[in-house]
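Here is the structure we will look at.
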Amino acid sequence: MQGDTVIAAGTQGCYKVKICAQFPQAKKYCFDLNATIAEMIWQQMSHWTCLLKALLFSLLLQPLMTQPSIITQPNFVLLLADDLGIGDVGCYGNDTIRTPNIDRLAREGVKLTQHISAAPLCTPSRAAFLTGRYPIRSGKWHLGVNCEHRNDHCHHPLNHGFDYFYGMPFTLISDCQTTEEPEMDRAFRRKVWLYTQMIALATLTTALGKLTGLFSVHWKTVTCLALFSLLFFVSWFSSYGFVRYWNCIIMRNHEVTEQPMVTERTTSFILREAISFIERNKHKPFLLFLSFLHSHTPLLTSEKFLGKSSHGLYGDNVEEMDWMVGQVLDAIDREGLKKNTLVYFASDHGGWLERQEGKRQLGGWNGIYRGGKAMGGWEGGIRVPGIFRWPGVLPAGKVISEPTSLMDIYPTVVHLAGGVVPQDRVIDGRDLMPLLQGTVEHSEHKFLFHYCGTHLHAVRWHQKDSGAVWKAHYVTPNFRPLGAGACYDRGFCPCFGEGVTHHDPPLLFDLSRDPSESQPLSADTELLFDTVIKRIGRAIEEHRRTLTAVPQQLSVYNIIWKPWLQPCCGMFPFCWCDKESDDKLADL
């Protein structure tokens, strides 16, 4: 599974009351208060008129930065990279790939060093990010756009709380670029192509045998064989032969604007939409979720960034993404929104180690951490960059090493927006503001559960009284070849079956002493081994009691292509359009 790449954004209102005061020999001063404070003031107006005037005057003379404890409803800009390794960013230790804009965020805000993805794969991780819940609770991992009919759009982001959408509703794959080899179901396509050739050869041989009299066969048999060969070919080629047209599309809200997408300009259009949204909504609170196509393969990189980094195409791609971050930050500053905008940057999971092309590494680097994308509970697949910036509210240059999760973003945003998290379901994320502001010492997470698909691979326990962070691995993937640090023979590490090893007793690490998970502990080397394993075991039992069965949504019927649900710009099957204009790029 790979990631959905979208830009989705929403707006939210707030209720305020304007207070005005006229001072002798001075101009009239006005400012806004929230409704609750205003009521309290006006109730006491008759008794405290003079005191009120003095208070208003002092407030007007003081700069806003002297009142950091008053948190008003901010704007939210959520920036999420795709497949970016924690070791790819300068402020996390990389000194060869240039990421000055992400580094600037860290200098001006709070950097998390133990920020954990809820899954080592794109789609379940993003589902957890958007819902604040472990993906095992939802079952449905992919967004898509349809349900029963092509125009229903029931899984579209506009039906999940967003007011505006621009981007790819489906997965970015190498099929989207004409210069790349097909990626979707590559092994299966090779098989059906081989079968097609065999059937066609049998048909041709039969026809030649009939014509030359080598063997006796009815023409009806030859005709039926030829029709079967044609139908077999059409049955799979109608889907896989046009993947670029069916999957690689751009939508604005419910409208398909590019089919297929023109990858050479996709980055520019996405950036244009993000900046335009900020400019259109600068006078009211807004939320912008910018989900980068970078650094997922194929590595869509503009020509001006090609060959500029020290790490080939992957480095070029990361540096372009950093430039995009800078453009968004500049737009925020330009519109005077810096001090009332919470900016968050992260990656959906770690870098993809197996993604190679010959000797070229097309995946990311996970620093000192073991493993990577799709590898269950290993740190390299789930420990990601996590940076918050909100000048005047969050301290600048602060580093926090407490365990936090991408699931925490949902309750944090809900709280700051003045909402309440749903009470009819389990929310696994926690509000991060007390930790970010320094009013508490520890995060609220005691245990974090690390799944690979529906299989629990590892559990993290933060023993707050001692400062230890224990992690027990119950299942780990088998790396190939032997001694390697990834599943190079498969391209992806499996979650179950013959490709994994079950550990009893589990592998135990103390991440506070061994963050790279290089030295597993045992009862002989760690006095607390049995105590820790038993405590984590009880936590797993408690966690599983909170899980409820969800419908199976990844059945064969649900995942196969259905022509009647295919988004189409034009008349199906002649789906093609280009409603974007190159002239719009002149504004950037």
Side-chain angles (χ1 to χ4, degrees), residues 4 6-15 34 70-81 105 108-112 115-118 125-135 137-138 143 157-165 274 277-278 281-282 284-292 325 328-329 332 337-348 384-394 400 402-437 439-440 443-445:
D4 302 310
V6 301
I7 292 181
T11 59
Q12 47 198 355
C14 59
Y15 177 57
N34 64 47
I70 300 178
I71 301 177
T72 58
Q73 190 178 61
N75 307 308
F76 302 95
V77 176
L78 311 179
L79 308 173
L80 193 64
L105 273 179
E108 297 177 351
V110 179
K111 182 179 73 171
L112 306 176
H115 201 41
I116 308 300
S117 169
S125 169
R126 289 162 183 267
F129 172 77
L130 290 170
T131 63
R133 291 157 53 88
Y134 288 109
R137 300 191 189 279
S138 304
L143 289 178
L158 295 188
N159 292 337
H160 289 279
F162 293 107
D163 300 320
Y164 181 83
F165 169 82
F277 181 85
I278 293 172
N281 293 279
K282 61 184 177 182
K284 55 185 177 182
F286 64 81
L287 182 149
L288 170 66
F289 174 29
L290 172 51
S291 183
F292 293 103
V325 170
V328 172
L329 295 180
I332 294 172
L337 303 174
K338 182 175 181 178
K339 293 182 179 179
N340 63 327
T341 300
L342 175 63
V343 179
Y344 167 74
F345 175 85
S347 177
D348 56 0
V384 297
I387 303 172
F388 290 84
R389 188 193 75 171
W390 188 359
V393 177
L394 299 182
I400 296 177
E402 289 286 299
T404 56
S405 171
L406 264 69
M407 296 185 294
D408 297 335
I409 307 308
Y410 173 78
T412 302
V413 169
V414 170
H415 164 72
L416 290 173
V420 179
V421 296
Q423 302 299 308
D424 61 345
R425 70 202 69 173
V426 176
I427 301 297
D428 300 295
R430 297 291 183 265
D431 179 10
L432 286 177
M433 284 303 293
L435 181 66
L436 296 175
Q437 290 187 292
T439 59
V440 299
S443 74
E444 292 187 38
H445 290 292

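Annotation for Gln423 and Val420: closest pair NE2-CG1, 3.6 Å, computed over non-hydrogen atoms. Scanning both residues, Ala81 and Phe345, for their nearest heavy atoms gives CB-CZ, 4.2 Å. Here the shortest heavy-atom pairing between Leu432 and Thr412 reads N-OG1, 2.9 Å. Closest approach of Met407 to Arg133, counting heavy atoms only: SD-C, 3.5 Å.
Side-chain contact check for Thr131 and Arg137: no donor-acceptor pair (N or O, by modelled atom type) lies under 3.5 Å.
Note that CD1 of Ile409 is 4.5 Å distant from NE2 of His115, once rounded to the nearest 0.5 Å. To the nearest 0.5 Å, the span separating CD1 on Ile400 from CG on Leu436 amounts to 5.0 Å. The CG atom of Asn340 sits 8.5 Å away from atom CH2 of Trp390, with the distance rounded to the nearest 0.5 Å. The CG atom of Leu394 sits 10.5 Å away from atom CG of Leu435, with the distance rounded to the nearest 0.5 Å. Taking OG1 of Thr404 as the start and CD1 of Ile116 as the end, the distance is 7.0 Å to the nearest 0.5 Å. Atoms NE2 and CD, from His445 and Glu402 in turn, are 10.5 Å apart once rounded to the nearest 0.5 Å.
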Take Val325 and Phe292, measure what side chain to side chain contact (heavy atoms under 4.5 Å, CB included) needs, and give me the verdict at the end.
CA-CA 10 Å; Val325 170; Phe292 293 103; 3.8 Å; yes
Side chain to side chain contact (heavy atoms under 4.5 Å, CB included) between Leu130 and Phe162: does it pass, once the steps are laid out?
CA-CA 11 Å; Leu130 290 170; Phe162 293 107; 4.2 Å; yes
Would you please test Arg430 and Ser443 for side chain to side chain contact (heavy atoms under 4.5 Å, CB included) and show each step?
CA-CA 8 Å; Arg430 297 291 183 265; Ser443 74; over 6 Å; no
Evaluate Asp408 against Glu444 for side chain to side chain contact (heavy atoms under 4.5 Å, CB included), listing each step before the verdict.
CA-CA 10 Å; Asp408 297 335; Glu444 292 187 38; over 6 Å; no
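A donor-acceptor pair under 3.5 Å links the side-chain atoms of Asn75 to the main chain of Phe286, judged by distance alone. For the pair Asp348 (side chain) and Arg126 (backbone), a donor-acceptor distance under 3.5 Å is absent. Judged by distance alone, the side chain of Ser347 and the main-chain N or O of Val384 form no donor-acceptor pair under 3.5 Å.
Annotation: side-chain hydrogen bond (donor to acceptor under 3.5 Å, both in side chains) contacts of Ser117 (sequence neighbours excluded): Ser125.
Here the side chains of Val413 and Tyr344 are not in contact, with every heavy-atom distance at 4.5 Å or above.
In this structure, Phe129 has its ring center under 6.0 Å from that of Phe289.
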